[in-house]
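Worksheet for the structure shown next.
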Amino acid sequence: MSEANDISAMSFEAAVAQLESIVEQLERGDVALDKSIEIYERGEALKAHCEKLLSAAEKRIEKIRLDRQGQPAGTEPLDAE
């Protein structure tokens, strides 16, 4: 499986955990330059994947619309434009 496919199959939680691990490695500063570049690039791909998953989740979230008496009257998109 290629690296891009590997990331695209990851859950949000798994991608965030791996991204946090990459940040920790880079912050320690004890990683060789070539390896730093490699894991930084993977971090960028993980970040993009997380943003994509968050965007998809936001589109699925709806808020409950209430009538004048405060009773549920249906739903609408969270950020109706």
Side-chain angles (χ1 to χ4, degrees):
M1 181 184 295
S2 75
E3 191 171 301
N5 288 338
D6 177 39
I7 290 174
S8 67
M10 294 178 90
S11 70
F12 177 80
E13 293 78 9
V16 168
Q18 193 171 112
L19 188 54
E20 288 173 345
S21 173
I22 287 171
V23 169
E24 288 173 8
Q25 290 177 43
L26 292 173
E27 285 179 342
R28 278 195 317 262
D30 60 356
V31 180
L33 180 60
D34 289 345
K35 182 69 173 172
S36 292
I37 293 169
E38 179 184 322
I39 63 175
Y40 177 84
E41 289 172 347
R42 181 157 178 90
E44 284 292 316
L46 288 163
K47 177 181 169 274
H49 179 64
C50 289
E51 288 172 344
K52 177 181 160 191
L53 292 175
L54 281 174
S55 177
E58 286 174 350
K59 289 177 183 172
R60 292 188 349 227
I61 294 173
E62 296 178 328
K63 63 181 174 182
I64 297 172
R65 193 176 59 231
L66 303 176
D67 64 17
R68 291 178 190 252
Q69 289 77 36
Q71 298 300 312
T75 61
E76 62 187 50
L78 183 60
D79 293 323
E81 294 179 19

Rest of the hydrophobic cluster containing Leu33 (Ile/Leu/Val/Met/Phe/Trp/Tyr, side-chain heavy atoms under 4.5 Å)?
Ile37
With sequence neighbours left out, what residues match Glu27 under side-chain contact (heavy atoms from CB on, under 4.5 Å)?
Val23
Applying side-chain hydrogen bond (donor to acceptor under 3.5 Å, both in side chains), can you list everything that pairs with Lys59, at least two apart in sequence or on another chain?
none
Without placing hydrogens or testing angles, list every side-chain donor-acceptor pair under 3.5 Å for residues 46-56, not counting sequence neighbours.
{"from": "Lys47", "atom 1": "NZ", "to": "Glu51", "atom 2": "OE2", "distance (Å)": "3.1"}
{"from": "His49", "atom 1": "NE2", "to": "Ile7", "atom 2": "O", "distance (Å)": "3.2"}
{"from": "His49", "atom 1": "NE2", "to": "Met10", "atom 2": "O", "distance (Å)": "2.8"}

Test of understanding: with salt bridge (Lys or Arg N to Asp or Glu O under 4.0 Å), list the residues that count as partners of Arg28, not counting sequence neighbours.
Asp30
Can you give me every donor-acceptor pair (side chain of residues 14-21, partner residue at least two apart or in another chain, under 3.5 Å) with its distance?
{"from": "Gln18", "atom 1": "OE1", "to": "Arg42", "atom 2": "NE", "distance (Å)": "2.5"}
{"from": "Gln18", "atom 1": "OE1", "to": "Arg42", "atom 2": "NH2", "distance (Å)": "2.9"}
{"from": "Ser21", "atom 1": "OG", "to": "Gln25", "atom 2": "NE2", "distance (Å)": "3.4"}

